[in-house]
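Working notes, beginning with the structure itself.
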Amino acid sequence: MSQKSGDRRPVRVTVIDDEQAGAAVSGEYGEYGGCDGDAAGRHTGGGRTGPATEAFITHRNLLFTVAYEMLGSAADAEDVLQETWLRWADVDLDTVRDRRAYLVRITTRQALTRLRTLGRRKESYVGSWLPEPLLTAPDVAEDVELADSVSMAMMLVMETLTPTERAVFVLREVFDLDYDEIAEAVDKTPAAVRQIAHRARAHVAARRPRGAVSRAETEEALDAFRRAVETGDLQGLLDILAPEVVLLGDGGGIRQAVLRPVVGSDKVARLLVAGRDRIPVGTTMHTAQVNGHPALVLRVDGEVDTVVALRLDGGLVTGLYAVRNPEKLSYMLRETALSR
């Protein structure tokens, strides 16, 4: 569901070192992002990193994570970072007390604007809309709270919040910003932000997965699911699927996928067994770290075709999320660095 960007090159997700990073920011954000040469040179020192560039580089992964958690789209999060850089490049740093907070504020405001646009785009989306899966670095899984916040199941829960509720929830519950900082980011009073945070927490608590699920439990369930699908074992699927399991598929109108949620273990299991015969010859299945959790990746002739994430409750699979829209699979080709 990412917007086409003409001939723009994708912005890198992980910056290697300061010298390369300075060139990346001045080139990738200045060259085609609307930042004129004088501005880029002023902030990068003609290729050397200046204070504005260094601050942006230092907090880039954090800003991407904020934008992604608010939007559920890596492509849109990258666009938000581009817009953030353009605004940050014109800021008088002498007036900025806390650069991290200021950058988060810009990113949040840009993400809120884009989130409202995304809402309109989702209304005309073909079939179910699922978040864009990310191939995440191992350290994301080690940060349990961060991994939980970017899990496919949690991202879908956050989809049920209003844009402002989602921004407040992400900034407070995931990034632990104080209410005054959040108030500046969302243009509300601290008292209003407290009320919004309370309402959002209650909303999420009623819908989020029950209890923590270890990586070992997820891998065990994923292995059982994969074996059952590969062998067409109907009973094996019924043993791992919860009675109320929900299957969502996202093909974006480009690839075949279920257009409406499929509910119930019997319906889901029979659909998966029947679909096994339509899996192309040469398809491989393997496990990868997706959004901080083990997920199943299907490749056809070496190309990523489908990403299947699970939601587990009480040891059983209560949610199956299959992303097939090719426009959402580009971030499965390289690890994405996330941070808090």
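Values below: all heavy atoms of this structure, side chains included; hydrogens, waters and symmetry mates excluded.
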Open item on the list: Please determine whether ring pair (Phe, Tyr, Trp, His ring centres under 6.0 Å) holds for the pair Phe56 and Trp85, giving the CA-CA distance in whole Å, both sets of side-chain angles, and the decisive distance to 0.1 Å.
Closed with: CA-CA 7 Å; Phe56 188 86; Trp85 163 252; 5.3 Å; yes
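- Nearest heavy atoms, Phe64 versus Ala337: CD2-O, 4.4 Å.
- From Arg194, atom CZ reaches atom OG1 of Thr189 across 10.5 Å, with rounding to the nearest 0.5 Å.
- Here Leu135 sits in one hydrophobic cluster together with Leu130, Met152, Leu156, Val246, Leu248, Val263, Val290, Val297, Val304, Val307, Tyr321, Val323, Leu329, Met332, Leu333; the rule is ILVMFWY side chains under 4.5 Å apart, joined directly or through other members.
- Put simply, OG on Ser149 and CE on Met155 are 8.0 Å apart, with the number rounded to the nearest 0.5 Å.
- For the pair Lys328/Ser73, no side-chain contact is recorded, criterion being any heavy-atom separation below 4.5 Å from C-beta on.
- Between the side chains of Glu217 and Ser214, at least one donor N or O lies within less than 3.5 Å of an accepting N or O.
- Placement of Val157 and Val317 in two distinct hydrophobic clusters is found when ILVMFWY residues are connected by side-chain heavy-atom separations under 4.5 Å, directly or transitively.
- Between Leu312 and Ala221, the shortest heavy-atom distance links the atoms CD2-CB, 3.8 Å.
- From Thr287, atom OG1 reaches atom CG of Leu296 across 6.0 Å, with rounding to the nearest 0.5 Å.
- Nearest heavy atoms, Leu71 versus Ala77: CD1-N, 3.9 Å.
- Considering only residues two or more places apart in sequence or on other chains, Asp313 meets the side chain to side chain contact (heavy atoms under 4.5 Å, CB included) condition with Pro209, Arg210, Arg311, Thr318.
- A salt bridge is absent between Asp250 and Arg255; no separation between the charged side-chain nitrogens and carboxylate oxygens falls under 4.0 Å.
- Using a 4.0 Å cut-off between a side-chain N of Lys or Arg and a carboxylate O of Asp or Glu, Glu219 and Arg215 qualify as a salt bridge.
- Between Glu181 and Arg105, no side-chain nitrogen of the basic residue sits less than 4.0 Å from a carboxylate oxygen of the acidic one, so the salt-bridge criterion is not met.
- Around CD of Gln256, the count of heavy atoms belonging to other residues, nucleotides or ligands within 6.0 Å does not exceed 12.
- Contact annotation: the side chain of Arg87 approaches that of Gln110 to within less than 4.5 Å [non-hydrogen atoms, C-beta and beyond].
- Scanning both residues, Pro163 and Leu115, for their nearest heavy atoms gives CA-CD2, 3.4 Å.
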Task: CA sep, side-chain torsions, deciding dist, call: Asp187, Arg109, salt bridge (Lys or Arg N to Asp or Glu O under 4.0 Å) - done: CA-CA 9 Å; Asp187 290 325; Arg109 289 177 175 175; 3.1 Å; yes
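- Both tests hold for Arg172 against Tyr179: distance to the six-membered ring centre under 6.0 Å, angle to the ring axis within 45°.
- Val204 and Val213 fall into different hydrophobic clusters, where Ile, Leu, Val, Met, Phe, Trp and Tyr are joined by side-chain heavy atoms under 4.5 Å apart, directly or via other members.
- For the atom pair CG (Leu272) and NZ (Lys267), the distance works out to 14.0 Å, reported to the nearest 0.5 Å.
- Looking at heavy atoms from C-beta onward, Thr95 lies out of side-chain contact with Tyr102 at the 4.5 angstrom threshold.
- Cluster membership check: Leu237 shares its hydrophobic cluster with Leu298, using side-chain heavy-atom separations under 4.5 Å among Ile, Leu, Val, Met, Phe, Trp and Tyr.
- Across all their heavy atoms, Ser265 and Ala242 have their closest contact at CB-O, 3.4 Å.
- Thr84 places a side-chain N or O within donor-acceptor distance of the main-chain N or O of Val80, the cut-off being under 3.5 Å.
- From Thr306, atom OG1 reaches atom CD1 of Ile279 across 8.5 Å, with rounding to the nearest 0.5 Å.
- Counting only heavy atoms from C-beta outward, the side chains of Leu161 and His203 approach each other to under 4.5 Å.
- Residues Leu310 and Val140 are members of separate hydrophobic clusters, defined by side-chain heavy-atom contacts under 4.5 angstrom among Ile, Leu, Val, Met, Phe, Trp and Tyr.
- Side-chain contact check for Lys122 versus Thr117: every heavy-atom pair is 4.5 Å or farther apart.
- No single ILVMFWY cluster, assembled from side-chain heavy atoms under 4.5 Å apart, contains both Val262 and Leu316.
- Between Leu134 and Leu338, some side-chain heavy-atom pair lies under the 4.5 Å cut-off.
- Counting heavy atoms from C-beta outward, Ile254 and Val126 have side chains that stay 4.5 Å or more apart.
- Residue pairs meeting the side chain to side chain donor-acceptor pair (under 3.5 Å) criterion with at least one member in residues 289-304, sequence neighbours excluded: Tyr68-Asn291.
- For Asp266 and Arg270, the salt-bridge test passes: some basic side-chain N is under 4.0 Å from an acidic carboxylate O.
- Around CD of Glu145, the count of heavy atoms belonging to other residues, nucleotides or ligands within 6.0 Å does not exceed 12.
- Each of Asp139, Asp143, Asp176 was scored for a salt bridge (Lys or Arg N to Asp or Glu O under 4.0 Å) with Arg340, with one residue passing: Asp143.
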TODO: Would you check, one step at a time, whether the test side chain to side chain contact (heavy atoms under 4.5 Å, CB included) holds for Val66 with His59?
DONE: CA-CA 11 Å; Val66 170; His59 302 299; over 6 Å; no
Task: Test salt bridge (Lys or Arg N to Asp or Glu O under 4.0 Å) applied to Arg227 and Asp233, step by step - done: CA-CA 8 Å; Arg227 287 194 303 271; Asp233 181 0; over 6 Å; no
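- Two residues are said to be in side-chain contact when any heavy atoms from C-beta on lie closer than 4.5 Å; Pro261 and Leu247 fail this criterion.
- Put simply, the residue from Arg121, Glu159, Glu123 that forms a side chain to side chain contact (heavy atoms under 4.5 Å, CB included) with Trp129 is Glu159.
- In this structure, the side chain of Thr283 does not engage the main chain of Val300 through any donor-acceptor pair within 3.5 Å.
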TODO: Begin from the C-alpha positions of Tyr125 and Asn325 and carry the test side chain to side chain contact (heavy atoms under 4.5 Å, CB included) through to its verdict.
DONE: CA-CA 11 Å; Tyr125 195 75; Asn325 184 347; 2.8 Å; yes
- [ ] Give the C-alpha distance, both sets of side-chain angles, the deciding distance and a yes or no for side chain to side chain contact (heavy atoms under 4.5 Å, CB included) between Arg116 and Thr164.
- [x] CA-CA 10 Å; Arg116 296 182 177 106; Thr164 301; 3.7 Å; yes
- [ ] Decide side chain to side chain contact (heavy atoms under 4.5 Å, CB included) for Leu63 and Ile106; before the verdict, give the C-alpha distance in whole Å, the side-chain angles of both, and the deciding distance to 0.1 Å.
- [x] CA-CA 9 Å; Leu63 302 178; Ile106 298 175; over 6 Å; no
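- Arg114 and Glu83 are joined by a salt bridge, as a carboxylate oxygen and a charged side-chain nitrogen come within less than 4.0 angstrom of each other.
- Under the 3.5 Å distance criterion, the side-chain polar atoms of Trp88 are matched with a main-chain donor or acceptor of Ala52.
- Looking at every heavy atom in both residues, Asn61 comes nearest to Thr65 through O-OG1, 2.7 Å.
- In terms of modelled atom types and a separation under 3.5 Å, the side chain of Ser339 and the main chain of Leu62 share a donor-acceptor contact.
- Here CD of Glu173 is found 11.5 Å from CD of Glu69. Values are rounded to the nearest 0.5 Å.
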